Each structure stands twice: as C-alpha cells, then as structure tokens.
Protein chains: 4
Amino acid sequence: MIKAGIIGATGYAGAELVRLLAGHKQVEVIWLGSKSYTGQTYTDIYQNMNEIVEGECQDDNIEKLAKQADVIFTATPQGFLASVLLKEHLEQAKFIDLSADYRLKDVKVYEKWYKIEHKSPQFLEEAVYGLCEINRSQVKGARLIANPGCYTTCSILTAYPLVKEGLIDPSTLIVDAKSGTSGAGRGAKADNLFCEVNENMKAYGVTTHRHTPEIEEQLGIAAGKEVRISFTPHLAPMNRGILVTEYASLVKKSDGSLPSEEEIRSVYERRYGKERFVRVLKPGVCPQTKWVEGSNFVDINFKVDERTGRVIMMGALDNLVKGAAGQAVQNMNLLFGFPEEEWLDYTPLFP
Amino acid sequence: MIKAGIIGATGYAGAELVRLLAGHKQVEVIWLGSKSYTGQTYTDIYQNMNEIVEGECQDDNIEKLAKQADVIFTATPQGFLASVLLKEHLEQAKFIDLSADYRLKDVKVYEKWYKIEHKSPQFLEEAVYGLCEINRSQVKGARLIANPGCYTTCSILTAYPLVKEGLIDPSTLIVDAKSGTSGAGRGAKADNLFCEVNENMKAYGVTTHRHTPEIEEQLGIAAGKEVRISFTPHLAPMNRGILVTEYASLVKKSDGSLPSEEEIRSVYERRYGKERFVRVLKPGVCPQTKWVEGSNFVDINFKVDERTGRVIMMGALDNLVKGAAGQAVQNMNLLFGFPEEEWLDYTPLFP
Amino acid sequence: MIKAGIIGATGYAGAELVRLLAGHKQVEVIWLGSKSYTGQTYTDIYQNMNEIVEGECQDDNIEKLAKQADVIFTATPQGFLASVLLKEHLEQAKFIDLSADYRLKDVKVYEKWYKIEHKSPQFLEEAVYGLCEINRSQVKGARLIANPGCYTTCSILTAYPLVKEGLIDPSTLIVDAKSGTSGAGRGAKADNLFCEVNENMKAYGVTTHRHTPEIEEQLGIAAGKEVRISFTPHLAPMNRGILVTEYASLVKKSDGSLPSEEEIRSVYERRYGKERFVRVLKPGVCPQTKWVEGSNFVDINFKVDERTGRVIMMGALDNLVKGAAGQAVQNMNLLFGFPEEEWLDYTPLFP
Amino acid sequence: MIKAGIIGATGYAGAELVRLLAGHKQVEVIWLGSKSYTGQTYTDIYQNMNEIVEGECQDDNIEKLAKQADVIFTATPQGFLASVLLKEHLEQAKFIDLSADYRLKDVKVYEKWYKIEHKSPQFLEEAVYGLCEINRSQVKGARLIANPGCYTTCSILTAYPLVKEGLIDPSTLIVDAKSGTSGAGRGAKADNLFCEVNENMKAYGVTTHRHTPEIEEQLGIAAGKEVRISFTPHLAPMNRGILVTEYASLVKKSDGSLPSEEEIRSVYERRYGKERFVRVLKPGVCPQTKWVEGSNFVDINFKVDERTGRVIMMGALDNLVKGAAGQAVQNMNLLFGFPEEEWLDYTPLFP
C-alpha cells in the first residue's frame with residue numbers, strides 16, 4: 001500500500017485521478033490538493049464520489065506533501081511544478097506531472113510554444129516521457145514522469161509504428177483531431193458554456209496548439225530525424241473522447257509499389273499485439289470514441305488509399321483516462337512494480 | 001465461480017449485464033444469447049468489449065442453457081420468459097428476469113396494462129420482486145426473481161420511506177420522471193434517431209405507461225392499502241439516467257402541524273443509512289443523473305414546501321445499472337451469498 | 001418604420017431580440033446596449049449575425065436612448081430598470097422590460113422572492129403584464145410592458161383555459177418544468193459548462209423559484225381567487241426549449257361526473273382557436289420542444305386520467321422566442337399597431 | 001407565383017424544402033410526395049409545420065406532377081430520377097434534383113462510386129451543376145439542375161478560390177469533414193440511434209465516400225487538370241452542420257517565397273466579396289457550425305502555416321440549408337428570375 005497525493009484534485013483530470021485511485025487497492029490517497037476549494041469537503045464539489053471518497057481539499061504545500069507521500073501527481077496549470085520542484089522533493093517522492101512542464105526536452109521549444117519561462121530546466125534531462133507503450137523501461141526507474149498530453153498520446157500512438165518502421169513519410173503527416181470538451185478544463189469561460197458548445201463544431205488553435213511540438217519530438221525520435229507536422233484540434237459537443245484522423249504518404253518500396261494493407265497491419269500488430277491498452281481493430285472498422293469511454297484503451301485502425309498513395313490512420317481514446325489520469329496511474333503502476341493494468345481495467349461504458 | 005447465461009445479450013440492458021459480469025470475479029458467462037445476431041462474434045456488435053469478452057451470439061435455447069447454467073438472466077421482451085419457463089427449469093437454475101413478466105402479482109393487471117396474455121401465471125406467487133433494499137430477505141431464498149423496472153426502481157425507492165411511515169398521503173402522489181434514451185432500447189425506430197431526440201424533450205405514455213401499476217403495487221404494500229398515482233415519463237436527450245420528481249401532500253401530525261424537514265430526513269436516514277447503494281444527499285442538494293452514471297447508486301433528496309403542505313422528493317439512478325443490469329447483479333449476489341456490492345462498486349463517471 | 005433600442009443586447013435573450021428585429025421590416029435598431037462589451041463590434045460577439053447586423057455595443061444611457069427611440073427593450077438583470085426608470089422616460093418612449101421588475105403587482109411579493117428592494121414601485125400599477133393572448137387589449141394602450149418570464153408564459157398558457165373556466169381545482173396544481181440551458185443566460189458559471197450540463201438532468205430552485213409567484217398571480221386573476229402552486233424547474237441538456245407538465249384535479253360536475261376529454265378540448269379550442277401563436281395539438285399527440293424551436297409558437301395538449309381524476313396538461317415553447325424575445329416583439333407589434341405576427345412567423349426548425 | 005412539387009418530401013432534406021418554401025411568397029407548393037406516407041396528413045409527420053403547411057402526402061407520379069408544376073424538386077434516393085426522367089418532363093417543368101444522379105459528368109465514375117447503373121445518361125450533358133456561386137450564369141438558363149451534395153458544397157467553396165488561382169497544389173489537398181447526423185437521413189437504422197451517436201465521434205466511408213469524385217470533378221475544372229484528393233467524413237453528435245478542415249501545400253512564388261496571409265485573403269475576397277451567402281470571416285476567427293445553423297450561409301476562413309508551407313482552410317454550413325434545400329431554393333430563384341436571396345435570408349439561430 002503506497003501513499004499518494006494529488007495537487008490539483010478538483011480539475012477534471014485531477015478528479016478523474018481521484019476516481020481511479022479510489023478503486024485502486026494498492027493506493028491510499030492522503031492529499032486532495034485544491035487551491036480554489038481549500039477547506040471544503042471534496043465530495044461537495046464532486047458529488048459523484050459521495051460515500052466513496054473522504055476528506056477536505058488542501059492548499060498547495062509541496063514541502064509537507066513530499067515528506068508524507070510515496071507518489072505525487074500534479075494536475076496543475078503549466079509552469080506550476082517547474083516553479084516549485086526542488087532536488088530534495090525528488091529524493092522524497094516520485095512525481096508524475098500531468099502538465100507539460102517536463103515533456104519537451106528543449107527548453108527553448110517549451111518557452112516558445114507555452115510563452116512562459118521554464119523555472120527548473122535542470123530536471124528536463126532526468127524527466128521521462130511517460131508514454132508507457134513506448135518508454136516502458138525508462139519509466140520503471142524514473143523519479144520524475146512527464147505524463148503525456150491527451151492529444152499527443154492519441155496522435156503519437158496512432159502513427160508511431162508506421163513512422164518507426166519507415167512506412168510513411170513523416171514530413172507529409174497531418175493530424176486532424178477532435179476532442180470532447182472536458183479537455184478544456186473546468187474553468188468558467190463563456191466559450192465552454194453548454195449553449196456555446198452544444199450543436200457546434202469548430203477548429204481552434206490552428207497552427208499554434210501546444211501539443212504540436214510534443215508530437216513532433218516523439219515522432220522525431222521514432223523517425224530518427226526532425227519531424228514537422230500539421231496539427232489541428234477541434235472542439236466537439238461531447239464530454240469525453242478524442243478521435244484523431246491522420247494522413248500521410250506511404251513510402252514506396254524498392255520495387256516502386258506501395259506497402260499493402262496486410263504489411264501495414266502486421267507492423268501495427270507486431271508493435272501492439274501484446275499491449276493491454278492498445279486495441280488494433282479488425283480491418284474496415286473505424287474507431288469510435290464511445291467504444292473507449294471511461295477506459296484506458298486506445299483503439300486504432302487505418303485504411304490505405306491507393307488512389308492517392310496515402311494511408312489514413314485513426315485513433316480514439318478517453319482524454320481523461322488514457323489521455324490523462326489513466327495513463328498517470330499506468331505510470332504509477334510501472335514505477336512501483338504493480339502489474340501495469342492493476343485496477344485500471346475498466347470496460348468502456350456503452351452506450 | 002458460478003456459471004451465468006444471458007438471453008437477450010445484445011439489447012442495451014443485456015449488454016450492460018455482459019459489461020458488469022465481465023468484471024465480476026465470481027462469475028463466468030457461458031452463454032451470450034441473441035436471436036438477432038446468432039452466430040456473430042459478440043464484440044463485433046459491442047466493440048467496447050473488444051479483447052475483454054469472447055464468444056459468439058447464440059440462439060434462444062432455454063432447455064440447453066438451464067442444464068449448463070447456475071443463473072439465467074433474461075433481458076428479453078415482455079412475454080418471452082412467461083411463454084417458455086417450465087417447472088424443471090426452475091429446478092435447474094436460478095432465474096433473474098429483467099422483463100415485466102413476474103413483477104405484478106395480479107395477472108389481470110398485467111394483462112390489462114401489457115395487453116398480452118400471461119402464459120405462466122402459476123409462477124407469479126413464487127416470484128420475488130427483486131428490489132433488494134426492500135425485499136432483501138425474500139430475494140436470498142428465491143428461484144425466480146422479477147427484476148424491477150428502471151422507472152419503478154427509482155420511483156419506489158424515492159417515496160418508499162415516507163409512504164411506509166405514513167408521512168405522506170399516497171393518494172396525492174404524482175411522479176414526474178425523465179429518462180435517457182437507452183431506456184427505449186436498441187430497436188431501430190425513427191422516434192429514437194439522434195435527430196429526433198437531440199435538442200428535444202417530450203412526455204410519452206401519459207396515463208398509460210406500464211410501470212404505473214408496478215409502482216402502485218409496491219407502494220400499496222408499503223402503505224397497507226391500495227394506491228393510485230399519476231406517473232408521467234419523459235424522454236430526455238441523454239444516453240443514461242433517470243430523474244424522478246415526486247410530489248405528495250404531507251400528512252398533518254396530531255397537533256395539526258406538518259412534519260418538519262428534520263423529521264422527514266430522519267425517516268430517510270433510518271431506512272437507507274446502511275444501504276450501500278442508496279445515498280441520501282445533504283440538505284439542499286438536488287440529485288443529478290450524471291452523479292450516478294455508470295454506477296449502481298440511487299441518489300435521493302427532498303424538500304418541504306410549507307406554502308402548499310407538500311414534499312417534493314427527487315431520485316436519480318442510471319437506468320441501465322441500478323435500473324436494470326446492476327440491480328440484476330445485486331440480486332445474483334444475494335442469491336448466491338456473495339457480498340451484495342461484489343464487483344458492483346463502480347464510482348460514477350463525471351463528467 | 002420605428003426606432004428601437006436594446007439595453008442588454010449581448011445576453012442570450014437580448015441577442016435573440018437583435019436576431020428577430022434584424023428581420024423586421026418596420027423596425028430600425030439604433031442602439032445595441034451592452035455594459036460588458038461597450039465599444040466592441042456587435043458581430044464579434046455574435047458571429048451568427050455577421051453581414052446582417054452592424055454597429056458597436058454601447059454603454060447604458062437611458063437618458064440619451066429615451067430621446068432617440070420609439071421603443072426600448074431592457075433585457076437586463078432584475079432591478080436594473082426599476083432603478084433607472086423615470087416618469088419622463090415613459091413620456092418619451094415605450095418600454096418593454098424583459099426582466100421581472102414590473103411583473104408582480106404586489107411589491108412585497110417581489111421583494112420577498114427576488115430579495116432586492118424595488119426602486120420604482122410607483123410604476124407597478126401602470127405596467128401591463130404582456131402576455132398577449134390574455135391581455136391583448138391592455139397591451140395595445142400601454143407605455144410600460146412587463147414581458148412575462150419564460151417558464152411563466154408556458155405554465156400560464158397551458159393551464160389558463162381550465163382555470164378560467166373552473167374545470168380544475170387550482171389548489172391542486174403542480175407544474176413540473178424542463179428547460180434548455182439558454183434560460184440560465186450567458187454568464188460564465190461552472191454549473192453551466194458543457195461538461196456539467198451534457199448527459200445530465202437535475203431539478204433546481206425547488207420550492208423557491210422566482211417564477212412561482214408570477215404564475216400564481218396570473219392564474220389567481222383567472223380563478224378569481226388566490227392560487228398556490230408547486231413549481232419545480234429542471235435543467236435539461238439542450239440549448240432551447242421549455243416543456244411543462246402540469247397536474248391538477250378535475251372539478252366534478254353537478255352530476256358527480258368528471259369533465260370529458262371532449263369538454264376540456266372545447267374549452268381549449270374556444271380560448272385558442274384563433275390565436276396565431278398557440279397550437280392545440282390533435283388528441284393523443286404530446287408537445288415536443290423541437291417542434292417549436294426558433295418560433296413564437298406554444299404547443300399545448302392534455303390527457304384526462306380517469307383513474308385519478310386528474311388532467312395532465314402539457315405545453316412547449318422556445319424559451320428565447322415566445323418565452324422572451326419573440327413575445328417582446330409581439331408586444332411591440334401590438335403597441336405600434338402592426339399586425340401581431342408581423343415578421344414573427346418563423347416556421348420551427350426541425351430537426 | 002410559381003407552382004412547385006416535391007418528390008421525397010418526408011426525408012430531412014425534403015422537409016427542409018417544405019419549410020423554406022412555406023415562407024417563400026413567390027411559390028405555391030402543390031405536391032408533397034412521399035412513398036412511405038402516402039395518404040397521411042403531412043403535418044402528422046412534421047408537427048413543426050402544424051398550422052403552416054397543409055395537405056396530404058402523395059405517391060410518386062412524375063407524369064401527373066410535371067403537367068401541373070413549374071418546378072419539381074426530387075429529394076430522393078440515388079437512381080430515382082435517372083430511372084423515371086423523360087425528355088417530355090423537361091419540356092414541361094424545371095427539375096432540381098437533390099440526389100447525385102446528374103452531378104458527375106462521367107457516367108463511369110458515377111457507376112463506379114454509386115454502384116448502380118445510370119438509367120438516363122443522355123441528360124448528363126445538359127444538366128447544370130447547381131453550385132450557384134460558381135455556375136450562376138449556366139444555372140439561369142437550365143432545365144435540369146444537379147443540386148450539389150452537402151459535403152461537396154462546403155468542400156468546394158472552401159478551397160475553390162485558391163485552386164482556381166493556383167495558390168495551392170491540388171494534389172496535396174486533404175479534406176477532413178465533420179457532419180451532423182441529419183446528413184444520414186431519417187431512415188431507421190441502429191447506427192443512427194440517439195444512443196449510438198451521442199457522446200461519440202467516428203470516421204466513416206474512409207477512402208470510399210461518394211462525394212469524393214464530385215469534389216474532384218469540380219476542383220479539377222477549377223484547376224484545369226485532373227485532381228485527386230483524400231476526403232474523410234466524420235459523424236458528429238449534432239443535428240445540423242458541416243465543418244470542413246482542408247489542408248494543402250502552398251505553391252511557392254517565382255521568388256521562392258510562400259504567398260502571404262494577405263495575398264491569400266485578397267483572393268478569397270475577390271471571389272466572394274459580393275456573394276450574399278458566403279462570409280469570409282475576419283483574420284483569426286475559425287468558422288463554427290452554430291454560426292450558420294438554419295441559414296444559407298457558408299462561413300470560410302484559413303490560416304497559413306509557415307512551418308510546414310501549408311494553408312489550413314476551414315468552411316462551415318448547415319447541411320440541410322446551403323448543403324441541400326437552401327441551395328435548391330437558391331437555384332430555383334435563379335431559374336425563375338427571382339432575386340437570389342428571395343425568402344432565403346434567414347439569420348442563423350444562436351444559441
């Protein structure tokens with residue numbers, strides 16, 4: 001039984017962590033941090049957890065928390081952890097940061113896209129990018145995990161095998177992503193009111209969304225060279241779920257022919273065949289966000305378009321689970337030597 | 001480890017049973033019955049259960065199934081089980097019927113409201129109405145459980161303590177219920193198309209809905225006299241969830257005063273204080289269907305209206321869980337001596 | 001061609017007024033008031049009106065506006081108009097107030113339910129309650145119109161004929177109302193975020209909602225005696241639409257029998273047969289909010305429940321049109337002698 | 001005053017035509033055709049049009065209808081009009097076909113993508129592709145209009161100016177489209193049930209959607225050469241609206257630089273500056289489907305991505321209006337010499 005603390009427990013990602021950890025038999029949550037609701041009973045804010053979770057919200061106090069906890073989750077705005085994290089904290093507890101502070105290795109890229117100064121770049125090298133299916137072995141021994149973004153988890157896992165094996169030309173990669181509104185957080189903004197989102201679709205952050213360099217860095221590592229992509233997020237009228245549709249030109253084989261549907265499928269299956277949380281769907285079946293809702297699964301499939309020489313890849317996940325809190329728990333399981341799927345094997349809710 | 005069969009496993013309630021039983025460590029599902037999809041891989045229909053559930057859909061065969069299974073769930077249209085059930089089946093397996101066939105003790109009432117002939121009224125006396133919080137002890141020893149309806153579970157539990165204790169006049173009871181669309185089932189009807197339900201609210205079955213006599217029978221038992229209510233269901237643009245708002249005149253005390261908020265609250269707390277799946281909310285908090293989604297909880301609260309001498313009671317549940325499959329699993333747990341909440345303690349999903 | 005000014009043009013009701021008046025050939029809008037967006041281009045906030053509406057948002061200035069406009073609409077918070085309105089303004093322009101300031105004749109009732117002091121009770125007597133179908137003749141000669149609330153318009157029109165003709169006992173009247181979220185306004189509150197409203201139903205303001213006394217006052221006038229009702233509003237996951245379900249005991253006739261379906265229907269048809277904006281549906285058809293969306297219609301129907309001696313009445317309207325801006329335009333048409341349906345005869349949008 | 005007949009008046013596109021024509025002062029609808037509902041009162045099916053539209057549904061009879069009507073709209077399945085249209089009908093009435101029968105000039109392409117035989121290819125040459133903003137002059141003199149598809153109208157108009165002026169390389173064009181569910185029609189299929197669509201996003205028809213060759217043909221005419229694109233439609237949980245996000249590589253200028261944001265904007269403005277129904281939004285504003293709902297507008301904008309040398313174009317329309325019935329009315333206005341926007345200038349409904 002380990003002790004966990006959560007800073008930022010009343011945002012949607014933080015609350016999902018509380019929900020998942022409430023069912024985890026190896027973890028006791030000892031700290032429900034929330035600056036906005038300090039002193040209030042946690043379940044007065046999240047009544048879904050009534051009679052399941054106990055305790056009051058506590059103010060930020062990383063000093064105190066680091067001494068008590070085995071693992072600390074930070075579901076906080078960009079810049080928070082970078083501005084408070086010290087070397088001694090890392091010696092006291094493991095950190096899993098759901099913000100972007102330690103995801104990008106190049107501090108200049110971080111500062112350019114996030115438009116804030118990075119206050120502790122000295123930890124960037126040590127931090128492990130916690131995309132379990134790709135970096136499992138590094139995660140196991142880490143002290144500081146940069147939990148990947150929601151769009152990025154979906155975008156990277158969907159294209160990774162084909163980039164890694166050189167079947168697609170990464171310079172042609174276009175990622176068109178559609179997200180439920182919980183990704184926008186629980187902040188009270190007119191743009192996220194029910195009436196503004198319902199019966200509506202729009203793109204946003206076109207050419208400037210901060211998850212772009214994160215996808216580029218990780219796929220660049222896979223490709224062994226710098227990668228630049230077009231990434232366009234869209235807001236969809238649903239609570240949960242991300243669907244990505246990715247387009248790339250297939251690399252012709254030495255005989256001038258395109259890789260076949262079967263060759264591509266075998267690459268996916270080699271990579272993900274044994275992964276508990278990645279499901280490569282049957283040929284012809286398109287992923288649907290509802291099929292993964294409430295679970296830690298990513299559903300993936302693809303279609304070859306011989307007319308254009310492109311492959312269209314599709315991936316779906318629940319942005320609050322595999323895209324945030326679920327992946328954080330998966331990282332925690334790896335860090336502490338629990339089975340990776342421990343208390344994380346929820347069956348998706350449908351309908 | 002017991003063996004379970006499901007007849008009607010591809011409707012929404014049946015699929016929810018499959019989902020819940022997939023996580024239940026004491027149960028092996030050996031039969032996925034579906035007349036419409038016989039021979040097809042189950043997860044081709046419910047892709048959410050990919051890599052979790054295995055097997056093909058099988059045609060109805062109660063003879064064969066009763067010999068193999070310890071418990072049989074029937075999530076079938078009204079009249080199905082009544083027309084096939086024989087005495088020997090009840091000696092071979094326990095039955096939990098999610099249809100209305102054995103819910104009403106009076107066969108004439110059944111035939112009047114359902115407009116079909118009852119083919120096996122001889123089992124009506126034996127059948128136990130499986131509302132666990134009310135009939136727990138009878139359930140434990142039963143062979144045939146009539147699993148309550150979704151509206152009825154919510155309507156009865158919300159009013160039960162006050163009817164039982166005589167605090168309200170049941171002849172004044174009005175139940176206004178709002179339901180998500182999964183309650184209408186997976187049949188392809190134009191009325192249930194997305195475009196007809198979305199951005200829309202309507203009442204239906206006004207004065208004629210079949211759950212009316214079921215509520216009346218159970219509350220009549222509580223009141224010790226015949227009860228007649230007004231029950232109006234409404235279709236709401238959401239997948240899951242039932243909310244009931246119930247109105248009744250409070251019975252004046254001998255001194256002519258109305259029962260106070262505190263007196264009423266103490267009646268609820270006495271009745272439900274130890275119930276795992278009924279949550280009486282704090283004063284002033286109105287139940288929300290989202291707070292129980294995906295879980296077996298019923299959330300209940302009330303408000304006294306001194307101006308009119310009425311109490312307004314509110315209850316919320318997930319129609320597919322506590323309103324159908326969850327309650328069926330709860331009944332199964334009671335039947336087989338498992339802890340009542342075994343593998344049924346899902347935390348509601350929010351948002 | 002008359003000149004109109006709108007104070008509060010960037011709330012949802014105000015924006016709907018702008019939309020409706022943009023199509024009205026007899027009206028020029030000369031003032032788009034908005035304290036929050038003063039100086040900004042109106043269509044930067046409501047891009048749906050791009051290339052249709054021109055001009056910038058202006059700060060409140062009732063002095064200046066009253067001199068320029070023939071009619072002033074105030075779609076403002078409770079208390080605003082009461083605190084600024086002077087006798088001379090009423091001599092300069094007609095006022096149609098979409099707030100509650102002049103709806104209740106008894107200032108004490110206003111102050112009790114709204115919990116604010118009324119700053120200009122001297123105008124209460126003069127103000128006309130602008131429910132056109134009931135008060136048409138008074139509206140025509142008025143200077144100050146109290147435009148009815150959204151819930152109240154629907155609740156009153158649905159029950160009015162039966163109260164007026166004495167067919168129901170108003171002391172038994174219960175109004176259970178379901179509303180789309182635009183009724184909650186455009187203020188940025190966490191409760192109204194997409195993720196909190198979507199896939200969710202709840203009651204709110206139970207026993208305390210401010211539209212209660214307004215319904216009671218108007219139905220009391222119809223009944224010729226004081227009326228007390230139970231009114232419970234609910235928030236539904238849709239943008240527009242109010243559905244009310246109303247329950248009341250039928251008054252027995254002198255021979256002890258209940259009024260028949262046909263007798264009740266003839267009362268509705270006498271009252272509403274010639275009304276352009278009230279549609280009494282065919283027997284057995286339940287009103288749906290989608291059938292009136294975007295229009296000024298109220299759809300009404302009812303069902304007699306002989307088992308309980310009650311009648312269940314149902315009504316549906318679009319809360320932003322007949323429940324707010326559309327009714328305001330209807331009042332304006334009456335005030336200025338335009339045909340009542342002038343530029344207001346939108347066909348509802350379905351699906 | 002002209003006489004119009006509609007074959008297929010009870011599908012969603014047909015019903016939208018009825019709605020729009022009900023408000024058109026120059027048109028009398030004399031024929032509400034519906035095979036499925038022959039003999040039934042039209043407003044029993046579409047209650048939104050109660051007290052606005054009169055008449056019963058009539059069976060198909062193109063012979064009889066062509067003799068009575070000035071214009072015939074066919075909102076029918078693919079293949080219907082092609083199989084019944086004769087030369088003499090075209091001499092009796094104008095035809096506006098909302099199906100795909102006469103959209104593609106090459107009968108082989110039609111038969112390949114639609115997988116049905118074309119029964120009257122002799123009319124293909126005469127038929128005019130009714131995309132008014134592009135083919136206005138040809139439309140005016142036509143007898144047979146092929147009304148464009150919903151996805152295609154949006155996809156073509158969004159990219160047209162840049163293809164026409166050679167600013168983008170059409171071989172790199174990728175169209176990622178998101179559509180509301182009314183585009184799937186009113187047929188009762190399990191896939192389109194509320195519970196299957198709500199809270200869900202998916203791609204469908206990947207690489208095989210029939211609107212692909214239509215987009216390719218029209219953009220090919222603009223480019224002056226054959227064009228092949230990737231087109232992926234998605235189903236979104238909303239009733240109305242199509243959003244397209246289009247990606248293409250910019251063609252470098254002779255000095256090796258990319259066209260600037262301003263140069264691209266001026267191309268859009270030259271093309272659409274005077275178009276009543278195309279709105280090019282301000283820089284930085286992304287189109288939203290809700291901003292055009294219920295109207296005949298297409299909202300368009302774009303963003304240059306200097307990092308990748310691509311331009312991201314976005315377009316939004318209401319699939320039932322500009323994507324179907326509205327465009328059909330616009331075509332009718334052109335055919336009969338009415339002002340193009342006649343009774344078609346609805347302000348979009350928001351929220």
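By convention in this document, chain letters (A, B, ...) are assigned in the order of the sequence lines, proteins followed by strands, and residues within each chain are numbered from 1. Remember, it's a predicted structure, so these values are computed and weren't measured experimentally.
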If I measure from the heavy atoms of chain D, does [X] come under 4.5 Å with its side chain, its backbone, both, or neither?
X        : result
C:Leu20  : neither
C:Ile52  : side chain
C:Val285 : side chain

Inset, instruction - Return the minimal non-hydrogen interatomic distance between C:Leu349 and D:Gly294, and the atom names on each side. - result: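 Closest approach of C:Leu349 to D:Gly294: CD1-CA, 4.1 Å.
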Taking atom types as modelled, which donor-acceptor pairs link chain D and chain C at under 3.5 angstrom?
{"residue": "D:Asp44", "atom": "OD1", "partner": "C:Lys282", "partner atom": "NZ", "Å": "2.8"}
{"residue": "D:Asp44", "atom": "OD2", "partner": "C:Lys282", "partner atom": "NZ", "Å": "3.1"}
{"residue": "D:Asn48", "atom": "O", "partner": "C:Arg279", "partner atom": "NH1", "Å": "3.0"}
{"residue": "D:Asn48", "atom": "ND2", "partner": "C:Pro348", "partner atom": "O", "Å": "3.1"}
{"residue": "D:Asn50", "atom": "O", "partner": "C:Arg279", "partner atom": "NH1", "Å": "2.8"}
{"residue": "D:Asn198", "atom": "ND2", "partner": "C:Glu199", "partner atom": "OE2", "Å": "2.8"}
{"residue": "D:Glu199", "atom": "OE2", "partner": "C:Asn198", "partner atom": "ND2", "Å": "2.8"}
{"residue": "D:Arg240", "atom": "NE", "partner": "C:Pro351", "partner atom": "O", "Å": "2.6"}
{"residue": "D:Arg240", "atom": "NH2", "partner": "C:Pro351", "partner atom": "O", "Å": "3.3"}
{"residue": "D:Arg279", "atom": "NH1", "partner": "C:Asn48", "partner atom": "O", "Å": "3.0"}
{"residue": "D:Arg279", "atom": "NH1", "partner": "C:Asn50", "partner atom": "O", "Å": "2.8"}
{"residue": "D:Lys282", "atom": "NZ", "partner": "C:Asp44", "partner atom": "OD1", "Å": "2.8"}
{"residue": "D:Lys282", "atom": "NZ", "partner": "C:Asp44", "partner atom": "OD2", "Å": "3.1"}
{"residue": "D:Pro348", "atom": "O", "partner": "C:Asn48", "partner atom": "ND2", "Å": "3.1"}
{"residue": "D:Pro351", "atom": "O", "partner": "C:Arg240", "partner atom": "NE", "Å": "2.6"}
{"residue": "D:Pro351", "atom": "O", "partner": "C:Arg240", "partner atom": "NH2", "Å": "3.3"}

Inset, instruction - Supply the atom-to-atom distance C:Ile45 CD1 to D:Phe350 CZ, rounded to the nearest 0.5 angstrom. - result: 11.5 Å
